[in-house]
Amino acid sequence: MSLNLYDTATREVSEFKPLVAGQVSIYVCGATVQAAPHIGHVRSAVNFDILRRWLVKSGYDVTFIRNVTDIDDKILQKAMVEKMSWWALALKYERAFTDAYTALNVLPPTYEPRATGHITQMIELMDQLIENGAAYAPGNGDVYLEVRKLKRYLSLSRQNLDDLQPASDSDETYKKDVRDFALWKAAKPDEPSWPTPWGPGRPGWHLECSAMAHAYLGETFDIHGGGLDLVFPHHENEIAQSEAVGYRFAQRWLHNAWVTQSGEKMSKSLGNTLQVQEILKSVRGIELRWYLGSAHYRSMLEYSPEALQEAAVNFKRIENFLSRATELVGAKPTPRINTEFTKAMNEDLAVPAALATISENLRLGNQAITDNDIAGISKNADEIRGALEILGCDPLDPAFASSSGSDLTEALDGVIALALAERASARERKDFAASDTIRDGLSALGITIEDTAQGPRWSIN
RNA sequence: GGUCGGGUGGCCGAGAGGCGAGGCAAGGGACUGCAAAUCCCUCUACACGGGUUCAAAUCCCGUCCCGACCUCCA
């Protein structure tokens, strides 16, 4: 069974064939670290993390590059506002992104290059582009790519150059065409700069990704990913720069859709963003990940607090089954992937269909508990755990290990066992008022008591 | 103006010519001292108007509505 993936360039789902058998190279546009991450940012990270985990599970050796753009106009602006050095601001928010990724169990990339660490590669790239006539340095310190000379420009977004609305800041006197874009920007007073043959300056947005993709993945690689809003101009311009020097660049383009609120894209300019750190006050990281990963990556995910809570409750049911299964089987489930799940994931990562297989496993597994069918419990628990592992939501993953020490849990278990013994004797003498007082008391402390065929069990809400 | 998504039941969310994904909520039932948890059953749908077809949520034409990008964006 082979993996089929969508490609933004062809607008079709097709069989994924890596350039080198058994290996996959991926470049994903990471954050421009100018503010704390909102849930749209991490949705993108989660989507591509699921892709990566699925490729690894499918037997590929995956090289996964996700960059950090740590220099751009917005970062300089924000640094002024926050009255700190641009580099301090960039690192501050880079850490915020890293914390968010960690909280959501997004695997660290194979390498995470920063734009400012690749100025040399950018200068080399511009050098080549100027030499072969694709780019020009008008003499003021800027370097532009001459888009009119490109044959395939805008093929990813399928637009015509002449149909584009002129840029709002198109009073550029140095550009040959208003649509030419800056590879490099001359330093203004008080701005950071690096020396180049064309004068001191700093990278324009776009150039860093071409340079870094080339540095780590070579002239061509399998998959380039990012948010849908990067198709134009960012990815078009990456293609333009890279193809103009003769690189074949990305073989396939994957773009994730947004998180929306009331149908509108979450964005800083609308002020409707939901910070990851805020959301994590109401749900755990694993629950937020379960929620963000639940929709198909190419579909908009309409956020609502209710939907998030629903997802969290839904996830707790699965966790509850896994912990009961572990108790009854006497061993942690062994992750296993079933054919239905595989089929779903191989069809352009159809996570919603994959979730339906988990629901079925859950139903059958709970039924097996009722029937005391250990083999059935085990089978379904194994398959659920296997699926959760791919989705990055395995509650037994050490990444989600609870911070409360096991000593504490043991002590608590002992205390609750005492209370439950009292309750059991009260029930035996049919003193239900007394037994309910104990249960209600524990419940008020956030401890839920369930009476099962194997006796009472407790859990913390 | 150009390019591109979308409108599915009370809600979320798949599907893309035929057998109503799945989840949540709701109603009924089983289990329970009562609960909780769990299981079983039931209900509600494809924006609108035409067309193609034996068959349309799915394809075509038109209309309405929502959203995104057009050099800030995951």
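Letters go in sequence order (proteins before strands), and every chain restarts at 1. Computed from a predicted structure; not experimentally measured.
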Could you check whether any side-chain N or O of [X] sits under 3.5 Å from a backbone N or O of [Y], counting only pairs where one atom can act as donor and the other as acceptor?
X	Y	result
Asn338(A)	Phe341(A)	yes
Asn105(A)	Gly392(A)	yes
Arg43(A)	Ala257(A)	yes
Asn4(A)	Glu347(A)	no

**OP:** Decide, yes or no, whether a salt bridge links Arg324(A) with Glu450(A) under the criterion of side-chain N to carboxylate O below 4.0 Å.
**Re:** no

Interatomic distance where [atom1] belongs to [X] and [atom2] belongs to [N] [whole Å]:
X	N	atom1	atom2	answer
Arg423(A)	C34(B)	CZ	P	13 Å
Ile358(A)	A14(B)	CD1	P	15 Å
Glu236(A)	G2(B)	CD	P	19 Å
Phe181(A)	C72(B)	CZ	P	13 Å
Leu76(A)	C72(B)	CG	C1'	13 Å
His296(A)	A21(B)	NE2	C1'	14 Å
Ile449(A)	C34(B)	CD1	P	18 Å
Arg317(A)	U38(B)	CZ	C1'	8 Å

**OP:** For atom CZ of Arg298(A), decide whether the heavy atoms of other residues, nucleotides or ligands shown that lie under 6.0 angstrom number more than 12.
**Re:** yes

Heavy atoms from C-beta onward define the side chain here; which of [options] lies closest to that of [X]?
X	options	answer
Asn256(A)	C72(B), C24(B), A74(B)	A74(B)
Ser435(A)	G67(B), G23(B), G33(B)	G33(B)
Gln159(A)	G33(B), U3(B), A21(B)	U3(B)
Thr448(A)	A36(B), A68(B), C4(B)	A36(B)
His38(A)	A74(B), U38(B), C69(B)	A74(B)
Asp229(A)	C34(B), U38(B), A74(B)	A74(B)
Glu264(A)	A14(B), A68(B), C4(B)	A68(B)
Ala356(A)	G22(B), G67(B), A74(B)	G22(B)
Arg179(A)	C69(B), G33(B), U71(B)	U71(B)
Arg11(A)	A74(B), C4(B), C34(B)	C4(B)

Checking base pairs now: Watson-Crick or wobble, both atom distances under 3.5 Å. What partners [N]?
N	answer
G33(B)	none
A57(B)	none
U42(B)	A26(B)

Original post:
Is any N or O donor-acceptor pair between the side chain of Asp162(A) and the base of G2(B) shorter than 3.5 Å?
Top reply: no

Original post:
So which one's nearest nucleotide on RNA chain B is more toward 5', Leu364(A) or Ala295(A)?
Top reply: Ala295(A)

**OP:** Would you mind telling me which residue lines up with the more 5' stretch of RNA chain B, Ser359(A) or Gly30(A), judged by nearest nucleotide?
**Re:** Ser359(A)

Subject >> Qualifying residue, where the test is salt bridge (charged side-chain N to carboxylate O under 4.0 Å, His left out) with Arg423(A) and the options are Asp440(A), Asp451(A), Asp436(A) >> reply: Asp451(A)

Original post:
Is there a donor-acceptor contact under 3.5 Å linking the side chains of Thr63(A) and Thr110(A)?
Top reply: no

**OP:** Tell me, please, whether Tyr153(A) has Arg179(A) positioned over its six-membered ring: NZ or CZ under 6.0 Å from the ring centre and within 45 degrees of its axis?
**Re:** no

Provide a list of protein-nucleic acid N or O atom pairs under 3.5 angstrom, restricted to nucleotides 9-12 of chain B.
none

Between protein and nucleotides 40-43 of chain B, what N or O pairs are separated by less than 3.5 Å?
{"residue": "C40(B)", "atom": "OP1", "partner": "Arg363(A)", "partner atom": "NH1", "Å": "2.3"}

Subject >> From CA spacing to verdict: salt bridge (charged side-chain N to carboxylate O under 4.0 Å, His left out), Asp394(A), Arg53(A) >> reply: CA-CA 12 Å; Asp394(A) 176 11; Arg53(A) 287 169 187 262; over 6 Å; no

**OP:** Output all residues satisfying side-chain hydrogen bond (donor to acceptor under 3.5 Å, both in side chains) with Lys78(A), sequence neighbours left out; order by chain, then residue number.
**Re:** none

**OP:** Classify the nucleic acid contact of Gly40(A) as base, sugar-phosphate or nothing, counting any heavy atom under 4.0 Å across all strands shown.
**Re:** base

